[in-house]
Asks: 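Attaching a single structure in structure tokens format; questions to follow.
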Amino acid sequence: MQTAITNPILRSFSNTLYRKNNWFLLLLLTPPLLWFGVVYLGSLFALLWQSFYTFDDFSMAVTNELTLGNYRLLFDSTNLDIIMRTLSMAVAVTLACACIGFPIAYYMTRYGSAREKGFFYIALMLPMWASYIVKTYAWTIILSQQGILYWLFNHLGLTGALNAALQLPVIGGNTLATSNLGRFIVFTYIWLPFMILPIQAALERVPTNLLQASSDLGAKPAQTFRKVLLPLVIPGVVAGSIFTFSLTLGDYIIPQLIGPSGLYIGTMVYTMQGSIGNMPLAAAFTVVPIVLIFIYLALAKRAGAFDAL
Amino acid sequence: MIIAVEFTHVSRHYGNVKAVDDVSICIAEGEFFSMLGPSGSGKTTCLRLIAGFEQPTSGSIQIFGQEAAGAPPYEREVNTVFQDYALFPHMNVLDNVAYGLSVKGIAKHACITRAEEALNMVALAEYSKRKPSELSGGQRQRVALARALVNKPRVLLLDEPLGALDLKLREQMQHELKTLHKQLGITFIYVTHDQTEALSMSDRVAVFNKGRIEQVDSPRNLYRQPKTSFVADFVGTSNVINSELALQITANHQPFSIRPEHIFFDNGAKHPNTFAVNGTVVDLQYQGANNKITFDAGTQKISFVVSSADYNEAELPKIGNYLIVRWLKSNMVMLENKSKSI
Amino acid sequence: MHSKDNNPPIWLKTVAYGGLVFLHFPIVFILINAFVAHDGNTTYFTLKWFNAAFARDDVMSAITLSLKVATVATLLALIMGTMAAAALYRRNFFGKNAITTLLILPIALPGIITGIALLSAMSLLNIELGFWTIVVSHATFCVVMIYNNVVARFRRMPHSLVEASMDLGADGFTTFKRIILPQLATALLAGGLLAFALSFDELIVTIFTAGHEVTLPIWLLNQLARPRDAAITNVVAMMVMLITALPIIAAYYLTRGTETIAGSSK
């Protein structure tokens, strides 16, 4: 046959790879597998392993004596408080994101023209990808007492109402920036796009003729929505909520910058690892969000969230 | 005779699935050879084995006397026209056609000259700067053909190349392919599930079923002397009479097939060398030039056709009518007793 | 499921556009702040903060570091993501699902876990934290961006194109260079841009793996403790926003409408 343009050594290499298809596969997979299997998984296991190490409170030193003590410590009332505090915020943020996100996604897919859809898509992508720290920074200024929100409430004559809201237990605080309400707003803001886009994708996959079939069979719009559309879109909502839930559980920047004092899982891990050097307890704490996410997934599955898939 | 492609006991298994199961064929140089069969019958896998996209699990494949098993596609003197044409979407028509020459290290101007010649051959010279997405289905098909032929392969493989075209275009392309085949004198191996296509174009046809070859023969022989009930049924339409009914009709257990067009009404006259069968009409279909009549002969249904030119509507039997039909013994095709059912 | 047969209820339209306003208002706020100066009681438009920001060495070195990290991490991710996509898109084999899950894990798990896990492994191995540890941590979560884009493109590319190329005499390398790579080009570019943007403003993981290095997001975080420096912070915040927004928009246009007809009329 004619001469090949690849040099002969490479050519015979190509032939070998062609004949030994599995070698080729292995060759392609080796670098990513080494990276992820060894570097990344290895790190995760190293972390898990360290959660069984012992931290000596007096000498502030870690010894590699294995113990379950760190996990026992998680159920300590202070630590349980931290977990519950984080968990309730994650649940509240997830619910808020779902309630705000669904109508936006629904409007965009069902009523948006092609142009409007494209506009919405970019308008959602931009804040989603915009720098996390910049957005958080913006909110610290917006929520501050010299900030635009206070100014707005003042001009609308609603300062009284705002202060009354801040008097409320649980959500209240001295100012917006140091209240749970403020923290909740920022969390909801930051993770909202992560909820909208999966719902939008799920809505987009529902064929229009299913909805037409439903109304053709005599269902009122509300019935069609509840009995046909919603079950098909729930997996999208669950996918979105996994983002909002897990991102809130693991965050340690926003709880430091906005809202009242009192540790979150993220800040606890950060403090334990950084200032105190108690890596074993920090490692044990990182297991908490993973367990919570798995519980959440199991509950969602049990509730039939994935039946329509 | 020079043998272009020879399969000796070739099998290709995927796990437990025998896509190709112990196939032996011999294809002569210059032949127009078709592989006919329903989808999943192994015909496309056979073609891919020749092209080198698949390797046989066992057996030997020789291309012009050289063992091909193990050789990658780029080291075989065969070229393929793909079912989806597989034109490179990022190249224009000319670059697509020149690709095969260019990757073999042929100088650029020579590539272009030869590619232009090939495009001339398929009457697409003025489209050379277009992208494949700007062509119609028929035009893409011709580009695919030119792209394969420009390499001057000794064997051209065609994988259901006309499947995506509409009927009129398909008939025109069949004619053009046949003309090209005569003109070039190379071996064409043509995979199709369309029996009329296979019959009208080929020198010989191999009928595939479940990974095996049922029969290899000329189109005429396939139609007139199908060896198995599968072939009788798949090639054209046929009434395959099983041994139970055969015993009633011929006093012999051996199953046979009889074509619908060979059955005629019994007119009461004496007919030497015929067999007769009776039954009740269960269906009548007007098909334009013909009328198709189906009747129940007791243990199975038999269909036959009569020309609309010979019988007007009033002369045809009605559903529920009793009728007697006959056929010449010479038109019957005796089938192998053990023959596989479909 | 788009339909135009009826008009949206007013409340729905209001909620949808209200949501967009909510999402953009802090961003617009930052953009405006970067151009505003207060002088006594007057507020005016100015570009002076830009000059001030560019004159600062700490700002410039943070920007340079972040650009360098994002570039190297993106390149590494491009190589590994493409390899993984090429290996996984067509064939089914034991453990394939486990591998795809593994690739997604770094962005599916909370960032703090990835960060602290890498940190603990690095300290166990006595690796000094710095530029390369940041790159390693960023590449880890960037791979999936490339992988997703490339695997989607691979799936849309009919395998017959590869077969056709080999049938016409091109070996594996030539086929990769002349057929596969051009088909993947926009997917690689889009994935690369997303990975770059992701790396450029990553903070959660970076804090753990940066050691004493200061990337741009870390610089911004530190600035929060210096309210008197707010004017410079605003300018830098705006620049970070632009440097991430432009790749995102570019990636969107690159991947939109790429359902090219790959030689098929079906």
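None of the values given here were measured: they were computed from a predicted structure. Order of the sequence lines sets the chain letters (A, B, ...), proteins ahead of strands, with each chain counted from 1.
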Asks: Under a 4.5 Å cut-off applied to non-hydrogen side-chain atoms, are A/W35 and C/L103 in contact?
Replies: no
Asks: Pick from C/L203, C/L220, C/D201: which one makes a side-chain contact (heavy atoms from CB on, under 4.5 Å) with A/Y132?
Replies: C/L203
Asks: Could you tell me which of C/T114, C/I112, C/N33, C/I99 has the largest number of non-hydrogen atom pairs under 4.5 Å with chain A?
Replies: C/I112
Asks: Are the side chain of C/H24 and the backbone of A/A123 linked by a donor-acceptor contact shorter than 3.5 Å?
Replies: yes
Asks: Looking only at heavy atoms and a cut-off of under 4.5 Å, which of C/I27, C/L109, C/T175, C/T140 has the most pairs with chain A?
Replies: C/T140
Asks: Taking side chain as everything from C-beta outward and backbone as N, CA, C, O, which of these in A/F119 sits under 4.5 Å from a heavy atom of chain C? Side chain, backbone, both or neither.
Replies: side chain
Asks: Between C/M83 and A/L29, is any pair of side-chain heavy atoms under 4.5 Å apart?
Replies: no
Asks: With respect to chain C, which residue among A/L33, A/I104, A/V134 yields the maximal number of heavy-atom pairs within a distance under 4.5 Å?
Replies: A/V134
Asks: Identify the heavy atoms of C/L102 and A/G37 that sit nearest to each other, and give their distance.
Replies: CD2-N, 4.0 Å
Asks: Please report the closest heavy-atom contact between A/S43 and C/L118, naming both atoms and the distance.
Replies: OG-CD2, 3.5 Å
Asks: Is the side chain of A/Y252 donor-acceptor paired with the backbone N or O of C/I204 at a distance under 3.5 Å, no angle test?
Replies: yes
Asks: Walk me through it: do A/Q50 and C/L124 pass the test side-chain contact (heavy atoms from CB on, under 4.5 Å)?
Replies: CA-CA 10 Å; A/Q50 287 186 63; C/L124 278 181; 3.8 Å; yes
Asks: Taking every heavy-atom pair that is under 4.5 Å apart, which of A/P127, A/P289, A/A46 has the most such pairs with chain C?
Replies: A/P127
Asks: Quick check: do C/I116 and A/M279 have side-chain heavy atoms less than 4.5 Å from each other?
Replies: yes
Asks: Is A/I190 close to chain C through its backbone or its side chain, or both, or neither, when contacts mean heavy atoms under 4.5 Å?
Replies: neither
Asks: Report the C-alpha separation of A/Y107 and C/V15 in whole Å, then their side-chain angles, then the decisive distance to 0.1 Å, and conclude whether the side-chain contact (heavy atoms from CB on, under 4.5 Å) test is met.
Replies: CA-CA 9 Å; A/Y107 174 81; C/V15 170; over 6 Å; no
Asks: Contact part of A/L249 toward chain C, heavy-atom cut-off under 4.5 Å: side chain, backbone, both or neither?
Replies: neither
Asks: Check whether more than 12 heavy atoms from other residues, nucleotides or ligands sit under 6.0 Å from atom CD1 of C/I10, and answer yes or no.
Replies: no
Asks: Test ring-ring contact (aromatic ring centres under 6.0 Å, His included) on C/Y17 and A/F120; report intermediate values, then the result.
Replies: CA-CA 9 Å; C/Y17 278 91; A/F120 262 80; 5.2 Å; yes
Asks: Would you say that A/I253 contacts C/I207 through its side chain, given a criterion of any heavy-atom pair below 4.5 Å between the two side chains?
Replies: yes
Asks: Below 4.5 Å, heavy-atom pairs only: which of C/V143, C/I218, C/T82 has the largest tally toward chain A?
Replies: C/V143
Asks: Which one of A/L41, A/I196, A/I100 has the most heavy-atom pairs closer than 4.5 Å to chain C?
Replies: A/L41
Asks: Can you tell me how far apart CH2 (C/W219) and CD1 (A/I133) are? Round to the nearest 0.5 Å.
Replies: 11.5 Å
Asks: Would A/I141 and C/N234 count as a side-chain contact (heavy atoms from CB on, under 4.5 Å) if you check the C-alpha gap in whole Å, the side-chain angles of each, and the deciding distance to 0.1 Å?
Replies: CA-CA 10 Å; A/I141 301 175; C/N234 287 336; 4.0 Å; yes
Asks: Name the region of C/L88, side chain, backbone, both or neither, that has any atom closer than 4.5 Å to a heavy atom of chain A.
Replies: side chain
Asks: Contact between A/L257 and C/L221 at the side-chain level, heavy atoms closer than 4.5 Å - yes or no?
Replies: yes
Asks: State, with a plain yes or no, whether a side-chain heavy atom of C/P106 is found less than 4.5 Å away from one of A/F36.
Replies: yes
Asks: Is there a side-chain contact between C/T244 and A/L126, using heavy atoms and a 4.5 Å cut-off?
Replies: no
Asks: Which bit of C/L242 is near chain A, if near means a heavy-atom gap under 4.5 Å: side chain, backbone, both or neither?
Replies: neither
Asks: Could you grab the distance from atom CE of C/M239 to atom OG of A/S131, nearest 0.5 Å is fine?
Replies: 12.0 Å
Asks: Under 4.5 Å heavy-atom distance to chain C, tell me which part of A/L48 shows up: side chain, backbone, both or neither.
Replies: neither
Asks: Any idea which heavy atoms bring A/A138 and C/F29 closest together, and the distance?
Replies: O-CE2, 4.1 Å
Asks: Is A/L247 in contact with chain C via its backbone, its side chain, both, or neither, using a 4.5 Å heavy-atom distance?
Replies: neither
Asks: Within the structure provided, determine whether C/F25 and A/I142 are in side-chain contact (heavy-atom separation under 4.5 Å).
Replies: yes
Asks: Identify the two heavy atoms, one from C/Y252 and one from A/G118, that lie closest to each other, and give their separation to 0.1 Å.
Replies: OH-CA, 3.6 Å
Asks: Please look at C/V136 and chain A and tell me whether the side chain, the backbone, both or neither of the residue comes under 4.5 angstrom of a heavy atom of that chain.
Replies: both
Asks: Which bit of A/I148 is near chain C, if near means a heavy-atom gap under 4.5 Å: side chain, backbone, both or neither?
Replies: side chain
Asks: What part of A/L210 gets closer than 4.5 Å to chain C, counting heavy atoms only: side chain, backbone, both or neither?
Replies: neither
Asks: Heavy-atom cut-off 4.5 Å, strictly under: side chain, backbone, both or neither for C/M238 against chain A?
Replies: neither
Asks: Of all the heavy-atom pairs spanning A/T286 and C/I113, show the shortest one and how long it is.
Replies: O-CD1, 3.4 Å
Asks: Let's test your reading of the structure: which of C/L12, C/L216, C/L105 forms the most heavy-atom pairs below 4.5 Å with chain A?
Replies: C/L12
Asks: Relative to chain C, which segment of A/Y121 carries a heavy atom at a distance below 4.5 Å: side chain, backbone, both, or neither?
Replies: side chain
Asks: Which pair of heavy atoms, one from A/S246 and one from C/P110, lies closest together, and at what distance?
Replies: O-CG, 3.6 Å
Asks: Measure distances from A/W129 to the heavy atoms of chain C and classify the residue's part below 4.5 Å as side chain, backbone, both or neither.
Replies: both
Asks: Run the numbers on C/F208 and A/Q273 for side-chain contact (heavy atoms from CB on, under 4.5 Å), then give the verdict.
Replies: CA-CA 10 Å; C/F208 288 100; A/Q273 178 272 322; 3.3 Å; yes
Asks: Against chain A, label C/L76 side chain, backbone, both or neither, depending on which of its atoms sit under 4.5 Å from a heavy atom there.
Replies: side chain
Asks: CZ/A/F45 to OG/C/S120 distance, rounded to the nearest 0.5 angstrom?
Replies: 12.5 Å
Asks: Given a strict heavy-atom distance threshold of 4.5 Å, which part of A/P31 is in contact with chain C: side chain, backbone, both, or neither?
Replies: both
Asks: Which atoms of C/I243 are under 4.5 Å from chain A, going by heavy atoms: the side chain, the backbone, both sets, or neither?
Replies: neither
Asks: Give a yes or no answer on whether the side chain of A/Y189 reaches the backbone of C/L23 with a donor-acceptor pair at less than 3.5 Å.
Replies: yes
